[in-house]
Amino acid sequence: MRCYNCGCRLSEHDFCTSCGADVSLYKRILRVSNMYYNEGLEKAGVRDLTGAVTSLRQSLKFDKNNVEARNLLGLVYFEMGEVVAALSEWVISKNLRPQKNIADSYMDMVQSNGARLDTINQTIKKYNQALVYCAQDSKDLAIIQLKKVLSLNPKFIRAHQLLALLYIDSEQWERAKRELDKCFRIDSGNTLTLRYMKEVEGMLVPDESGKSNVKRGGNDEVIRYQSDNEIIIQPMNVKEPKNNSLGTLFNVAIGLVLGIASMFFLILPAAVSAEREKAQEDQRKLSEQMDIKTATIATMQQQIEDMTADNQALHEELDAYVGTDGTLKTIDNLLEGAAEYLVSGDAQATAVYLDDIAANVDLEETSKAFMLLYNSLLGKIGPEMSDFYYASGNAAYKEENYPEAIKDLLKAVSYNPENGDALFMLGNAYRGNGQNTEAIAIYEKVIALLPGTERARRSQTYINSLTEND
């Protein structure tokens, strides 16, 4: 027992030896809680589950942190078929004492078995559906539903009681008594079960022979007999006719003739017609099911074809990235380019790898580490490669090989966007090749990159000239 104020273990004194708080009333409350816990434990031992629930709830009213009482209350609920209520108590107990709590074992017993959880869910759904049927006055359907509930959870007392109540309503006293007996075997002290049993036993009065159950009706004119599932109502003060064997045989013969005639002329045609309609209905349902299955098969075949095409496209895309040794080509090219630069320092050899990566890979979708290494290599060889391609592009421009000049100058600008000479020469190459729109766009970039310079002034002159010609 620990102090409510500081958490220190209490001694036999009525005050806390650590913080000095008065704990006399606190100790009394805990003792009362434990008393009710022990009372609930005794009642649960003799299967007075309702009384055990009452005592354990009283225990928790005095001490909500009484983990033992809460765990026992969960077990009692579980034994009564109230699985959800039991899990609720165990979850609260687990939160109060996370370590060394037997509630862990109880919850694992229920939650670790997926089939058991599904059975619990089905039990709750079917019981609720039975209540709906009762509200709709569909008592036969409610009985069927409750029988399914009890097949899944035989200890569900509320389902037994509701089924017994439905039997009482339909005056099936023997069946009601059997259900209530099952309730007593689970919970011997349930007040509602005792109340129902009193009503049933009041209707089960043995007759003189002791073979069937008899109960007089609401007036003195009839006697009601019930034997198992049959209810027989016999009028009183009715005199038996005198024995007349010949008349009896004659009446029996007439009855047989009328019965056979009724079967041939009334019952048999109706039965044949009903069977024919049933066969037609079954054929219609089968036809509808076949149509649905055919449509489903067609849809699934189309999905298979689409998935096969997507799979083939993904394989082709993967083959484009993966080399014969199973490594990604793009990563391999980047690593080989880095190794080439570190070993030989040859910018042109390194550029071959970077050009291949730029042509075949969407750099925006690569990883951060990939882009960091790629940009680092590009920054190392960029100025040198820009000058190299500027020189080759300028030579091609002087020879009036404008397409080749454009190709090399574009590479020069891509390696070093700040290379104003290469950018200006690219504009001249576009202008010489008759691509005026591209030339104007490049000249505008030159003006923005080199404002106030000779290159900018000449670029503006070329823009004015190209604009006037258009």
Side-chain angles (χ1 to χ4, degrees), residues 1-125 127-128 149 152-159 186-187 189-190:
M1 187 181 301
R2 296 187 176 274
C3 177
Y4 65 88
N5 186 38
C6 64
C8 179
R9 185 176 295 277
L10 297 177
S11 63
E12 68 277 3
H13 302 291
D14 290 338
F15 59 88
C16 177
T17 57
S18 176
C19 65
D22 185 3
V23 294
S24 58
L25 181 60
Y26 175 66
K27 285 184 175 181
R28 183 179 177 186
I29 291 173
L30 294 184
R31 283 195 295 269
V32 172
S33 176
N34 291 332
M35 180 194 71
Y36 278 116
Y37 165 72
N38 292 328
E39 183 180 287
L41 186 60
E42 292 177 359
K43 291 181 178 179
V46 296
R47 301 204 69 83
D48 182 7
L49 302 186
T50 301
V53 169
T54 302
S55 297
L56 292 172
R57 282 180 174 174
Q58 284 295 113
S59 175
L60 293 176
K61 284 183 180 180
F62 283 96
D63 181 14
K64 66 179 181 181
N65 296 323
N66 193 336
V67 174
E68 287 74 16
R70 200 172 289 279
N71 288 340
L72 180 58
L73 181 58
L75 282 176
V76 173
Y77 278 140
F78 188 80
E79 185 65 17
M80 295 171 68
E82 303 286 348
V83 182
V84 176
L87 287 174
S88 300
E89 296 298 333
W90 292 333
V91 169
I92 296 173
S93 172
K94 174 65 175 175
N95 290 331
L96 293 175
R97 185 191 293 171
Q99 303 296 331
K100 296 182 180 180
N101 193 337
I102 197 173
D104 285 331
S105 301
Y106 297 154
M107 288 190 291
D108 290 340
M109 174 186 65
V110 177
Q111 295 176 340
S112 62
N113 191 335
R116 177 173 291 179
L117 281 177
D118 184 64
T119 300
I120 292 170
N121 292 332
Q122 291 298 323
T123 301
I124 296 171
K125 291 179 181 178
Y127 179 76
N128 291 335
V149 171
L152 297 174
N153 188 358
K155 294 184 178 181
F156 196 2
I157 288 184
R158 284 195 294 167
I186 299 171
D187 180 8
N190 191 284

TODO: Check the pair Arg28 / Phe62 against side chain to side chain contact (heavy atoms under 4.5 Å, CB included), numbers first and verdict last.
DONE: CA-CA 10 Å; Arg28 183 179 177 186; Phe62 283 96; over 6 Å; no

Task: Distance in Å, Arg70 CZ paired with Asn101 CG, rounded so as to fall on 0.5 Å steps - done: 11.0 Å

Open item on the list: If the condition is salt bridge (Lys or Arg N to Asp or Glu O under 4.0 Å), which residues does Arg57 pass it with, not counting sequence neighbours?
Closed with: none

TODO: Assess whether side chain to side chain contact (heavy atoms under 4.5 Å, CB included) is satisfied between Lys125 and Thr123, documenting all intermediate values.
DONE: CA-CA 6 Å; Lys125 291 179 181 178; Thr123 301; over 6 Å; no

Open item on the list: Would you say Thr119 and Asn153 are linked by a side-chain donor-acceptor pair, where the criterion is simply a distance under 3.5 Å?
Closed with: no

Open item on the list: To the closest 0.5 Å, what do you measure between CG (Leu73) and OG1 (Thr54)?
Closed with: 10.0 Å

Task: Which atom of Lys43 lies closest to which atom of Ser55, heavy atoms considered - done: NZ-OG, 3.3 Å

- [ ] Side-chain contact test, heavy atoms from C-beta onward, threshold under 4.5 Å: evaluate it for Val91 versus Glu89 and give yes or no.
- [x] no

TODO: Write down the atom of Lys64, the atom of Leu96, and the distance for their closest heavy-atom approach.
DONE: O-CD1, 3.5 Å

TODO: Indicate the atoms forming the closest heavy-atom contact of Leu60 with Ala69, along with that distance.
DONE: CD2-CB, 4.1 Å

Open item on the list: With heavy-atom distances below 4.5 Å as the criterion, would you say the side chains of Leu56 and Tyr37 are in contact?
Closed with: yes

Task: Nearest heavy-atom neighbours spanning Ala159 and Val149 - done: CB-CG1, 3.9 Å

- [ ] Under the side chain to side chain contact (heavy atoms under 4.5 Å, CB included) rule, what do Gln58 and Glu39 come out as? Steps first, then yes or no, please.
- [x] CA-CA 10 Å; Gln58 284 295 113; Glu39 183 180 287; over 6 Å; no

- [ ] Classify the ring geometry between Trp90 and Tyr106 as parallel (under 30°), tilted (30 to 60°) or perpendicular (over 60°).
- [x] tilted

Task: Exercise: identify the closest heavy-atom pair between Leu49 and Ile186 - done: CD1-O, 3.2 Å

Open item on the list: Between Asp48 and Glu42, is there a side-chain heavy-atom distance shorter than 4.5 Å?
Closed with: no

- [ ] Drop me the distance from Met109's CE to Met107's CE, to the nearest 0.5 angstrom.
- [x] 11.0 Å

Task: Any donor-acceptor N or O pair under 3.5 Å, side chains Asn34, Asp63 - done: no

Task: Nearest heavy-atom neighbours spanning Ala103 and Ser93 - done: CB-OG, 4.0 Å

- [ ] With side chain to side chain contact (heavy atoms under 4.5 Å, CB included) as the test, would you mind laying out the steps for Val83 and Phe78 before giving the verdict?
- [x] CA-CA 5 Å; Val83 182; Phe78 188 80; 4.2 Å; yes

- [ ] Sequence neighbours left out, what passes side chain to side chain donor-acceptor pair (under 3.5 Å) with Thr50? Give chain and number order.
- [x] Asp187, Asn190

TODO: Check whether any side-chain heavy atom of Met80 lies under 4.5 Å from a side-chain heavy atom of Val76, and answer yes or no.
DONE: yes

Open item on the list: If I take atom NZ from residue Lys61 and atom OG from residue Ser33, how far apart are they, to the nearest 0.5 angstrom?
Closed with: 12.5 Å

Open item on the list: Under 4.0 Å between a side-chain nitrogen and a carboxylate oxygen: does that hold for Glu82 and Lys155?
Closed with: no

